[in-house]
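Report on one structure; see the data block that follows.
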Amino acid sequence: MTNSDLQHLRSQIDEVNMKLLKLINERGELVQEIGKLKGMQSTKRFDPVRERAMLDAILSKNEGPFQTSTLQHIFKEIFKAHLELQEDDHRKALLVSRKKKRENTIVTVKGETIGDGLQRFVAGPCSVESYEQVAAVAKAVKQQGVRMLRGGAYKPRTSPYDFQGLGLEGLQILKRVADEYDLAVISEIVDPADIETAVEYVDVIQIGARNMQNFELLKEAGAVKKPVLLKRGLAATIDEFINAAEYIVSKGNDQLILCERGIRTYERATRNTLDISAVPILKQETHLPVLVDVTHSTGRRDLLVPTAKAALAIGADGIMAEVHPDPAVALSDSAQQMDIPQFTEFMKQLKPICNLNL
Ligand code: PEP
Ligand code: MN
């Protein structure tokens, strides 16, 4: 074989490579089109019956020199790569994803920013019980330099016979106290019909774990101009959590904060299992701020400081914790709320670790 023969063959190979490149990308574009159709119809993307039929058709026409098993392997790789292309496109399309928006979303709550790199705190009682109870907590919260007060007016309780919250009266108490102490209010709304009223009283609408997939509530919260804090569902995967967030943002409200609050596992030592790795995953996958609720995830006062330290170390944008003037008589979550001296100690331990100058 002469040198020029070799060169000729090589240039033919180069041409075939270019043809293959074109064909593979052409196939990719077709697959993307199919992906869009499937996305709309939410049909499962992977279709083994269709793959088998395609493989059979290809292999039946094989005239060599490749063996069937080799071709099967090559085509399987092509199918796989194209399926991934569909899935990538689907993910890319999520408005909450980092792929869609690289910069962090900064949520502004009554002048306070969340997601700007500084670590914030949200504290307050589990439920609003009275003006005096909320005011006592607000005073302590304010003293610690914390600017966001939480409190439940509508309580989604496991038992229908347990305290269900003061409702609108609870929101009114929160607003009065927040005005007096110049704090922002975060409170849970459970009924889509209450969102419109709630925006007059709260600075952040909380959607609780039990309602993470209440899609009508998510859509309603997405349609108002008010920051939303979305908690991870009791048994929700990160993917389900991200998609729940997408419901809100896709309705036009990008002022969204995510909150990891523990998930249900077989472990009974804690009320829930704090999925600490969800924090960096959510920060990588989405551009939204991520808080960690140490109270509901652990259900144990003795674990609040170490879990909050872990959350700060792993890069959470803030910590949520429950505080009550007298937890022993609290109408909900009596066993896990801190009293005021415990809260003062909690903040004392965390202030040197968080990057916010309190
Ligand atoms: C709450 O924060 O008041 C609450 C009920 O928490 P979760 O929805 O996470 O259980
Ligand atoms: Mn609670």
Side-chain angles (χ1 to χ4, degrees), residues 107-114 118-155 163 165-188 198 200-206 227 229 257 259 291-296 298 301-302 304-305 307-309 311-312 317-354 356-358:
V107 178
T108 308
V109 179
K110 216 177 176 179
E112 180 97 333
T113 44
I114 306 169
L118 294 177
Q119 296 172 308
R120 316 277 173 179
F121 291 87
V122 179
C126 181
S127 303
V128 174
E129 296 165 8
S130 68
Y131 167 80
E132 291 72 22
Q133 170 239 12
V134 180
V137 178
K139 188 166 168 243
V141 163
K142 181 88 183 173
Q143 259 168 12
Q144 292 303 321
V146 173
R147 311 242 347 253
M148 286 177 286
L149 179 69
R150 59 146 288 144
Y154 299 93
K155 295 303 297 178
F163 177 59
L166 296 180
L168 183 59
E169 190 195 341
L171 293 184
Q172 287 163 341
I173 291 173
L174 281 169
K175 170 115 180 81
R176 183 177 153 202
V177 173
D179 286 347
E180 285 169 7
Y181 289 87
D182 188 28
L183 296 169
V185 164
I186 301 187
S187 196
E188 177 168 356
E200 292 172 35
Y201 296 95
V202 307
D203 300 290
V204 180
I205 295 165
Q206 177 169 316
L229 180 131
I257 305 160
C259 182
L291 299 194
V292 172
D293 173 345
V294 288
T295 302
H296 294 98
T298 65
R301 264 184 223 116
D302 60 332
L304 299 177
V305 169
T307 50
K309 283 182 178 174
L312 293 172
D317 293 288
I319 304 291
M320 178 185 273
E322 286 184 347
V323 185
H324 191 286
D326 188 359
V329 300
L331 291 172
S332 58
D333 285 352
S334 158
Q336 67 197 40
Q337 302 195 61
M338 289 181 272
D339 63 17
I340 289 165
Q342 283 160 348
F343 172 60
T344 309
E345 181 58 27
F346 174 81
M347 290 305 294
K348 194 174 144 205
Q349 302 239 9
L350 296 173
K351 277 180 190 178
I353 297 163
C354 83
L356 180 70
N357 248 338
L358 279 178

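This structure is a prediction, so every number in the text was calculated from the model and none was measured.
- When every heavy atom of Val137 is checked against every heavy atom of Pro125, the shortest pair comes out as CG1-CD, 4.0 Å.
- Of all the heavy atoms in Leu331 and Glu129, the pair that sits closest is N-OE2, 2.8 Å.
- The main-chain N or O of Leu183 is never found under 3.5 Å from a side-chain atom of Lys142 such that the two would form a donor-acceptor pair.
- Contact record, Tyr181 with Ala135: OH-O, 3.8 Å, taken as the closest heavy-atom pair.
- A side-chain donor-acceptor contact under 3.5 Å links Lys155 to the backbone of Cys126.
- By the 4.5 Å heavy-atom criterion applied to side chains, Thr307 and Val292 are not counted as neighbours.
- Shortest non-hydrogen contact noted between Ala198 and Leu171 is CA-CD1, 4.1 Å.
- Between Glu322 and Arg150 there is a salt bridge, with a side-chain nitrogen of the basic residue lying less than 4.0 Å from a carboxylate oxygen of the acidic one.
- Here the CD1 atom belonging to Ile319 is positioned 6.5 Å from the CZ atom belonging to Phe346, to the nearest 0.5 angstrom.
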For the pair Val122 and Leu291, evaluate side-chain contact (heavy atoms from CB on, under 4.5 Å) and give the outcome as yes or no after the intermediate values. CA-CA 9 Å; Val122 179; Leu291 299 194; 3.9 Å; yes
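- Panel note: side chain Ser130, backbone Gln133; a donor-acceptor pair is recorded below 3.5 Å.
- Judged purely by distance below 3.5 Å, without hydrogens or angles, the side chains of Asp333 and His296 pair a donor atom with an acceptor atom.
- For Lys348, the NZ atom counts as loosely surrounded, since its 6.0 Å shell holds 12 or fewer non-hydrogen atoms of other residues, nucleotides or ligands.
- The main-chain N or O of Asp317 is never found under 3.5 Å from a side-chain atom of Arg120 such that the two would form a donor-acceptor pair.
- A 6.0 Å sphere centred on NZ of Lys139 holds no more than 12 heavy atoms belonging to other residues, nucleotides or ligands.
- At a cut-off of 3.5 Å, with distance as the only test, a side-chain donor of Ser127 or Ser332 sits close to an acceptor on the other residue.
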Which is it for Val107 and Thr113 under the side-chain contact (heavy atoms from CB on, under 4.5 Å) test, yes or no, and what are the steps along the way? CA-CA 6 Å; Val107 178; Thr113 44; over 6 Å; no
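- Rounding to the nearest 0.5 Å gives a distance of 4.0 Å between CE of Met347 and CZ of Phe121.
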Verdict with reasoning, Lys175 to Tyr201, per side-chain contact (heavy atoms from CB on, under 4.5 Å): CA-CA 6 Å; Lys175 170 115 180 81; Tyr201 296 95; 4.0 Å; yes
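- Of the possible donor and acceptor atoms, none in the side chain of Gln337 sits under 3.5 Å from a partner among the backbone N and O of Pro327.
- In this structure a side-chain-to-backbone donor-acceptor pair under 3.5 Å is present from Gln342 to Asp339.
- Between Glu112 and Met148 the shortest side-chain heavy-atom distance falls below 4.5 Å.
- In terms of modelled atom types and a separation under 3.5 Å, the side chain of Asp203 and the main chain of Val109 share no donor-acceptor contact.
- Closest approach of Pro325 to Ala136, counting heavy atoms only: CG-CB, 3.9 Å.
- Distance check: Met320 CE to Thr295 OG1 gives 8.5 Å after rounding to the nearest 0.5 Å.
- The distance from the CZ atom of Arg301 to the CZ atom of Phe343 is 14.5 Å, given to the nearest 0.5 Å.
- Atom CD1 of residue Ile173 and atom CG of residue Leu166 lie 5.5 Å apart, to the nearest 0.5 angstrom.
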Let me see the working for Gln144 and Thr344 under side-chain contact (heavy atoms from CB on, under 4.5 Å), right down to the final yes or no. CA-CA 7 Å; Gln144 292 303 321; Thr344 309; 3.4 Å; yes
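- Of all heavy-atom pairs between Gly124 and Leu149, the closest is CA-CD1, 4.2 Å.
- Expressed to the nearest 0.5 Å, how far OG of Ser334 lies from NE2 of His324 amounts to 8.0 Å.
- Using modelled atom types, one finds no donor on one side chain facing an acceptor on the other under 3.5 Å when comparing Tyr131 with Glu169.
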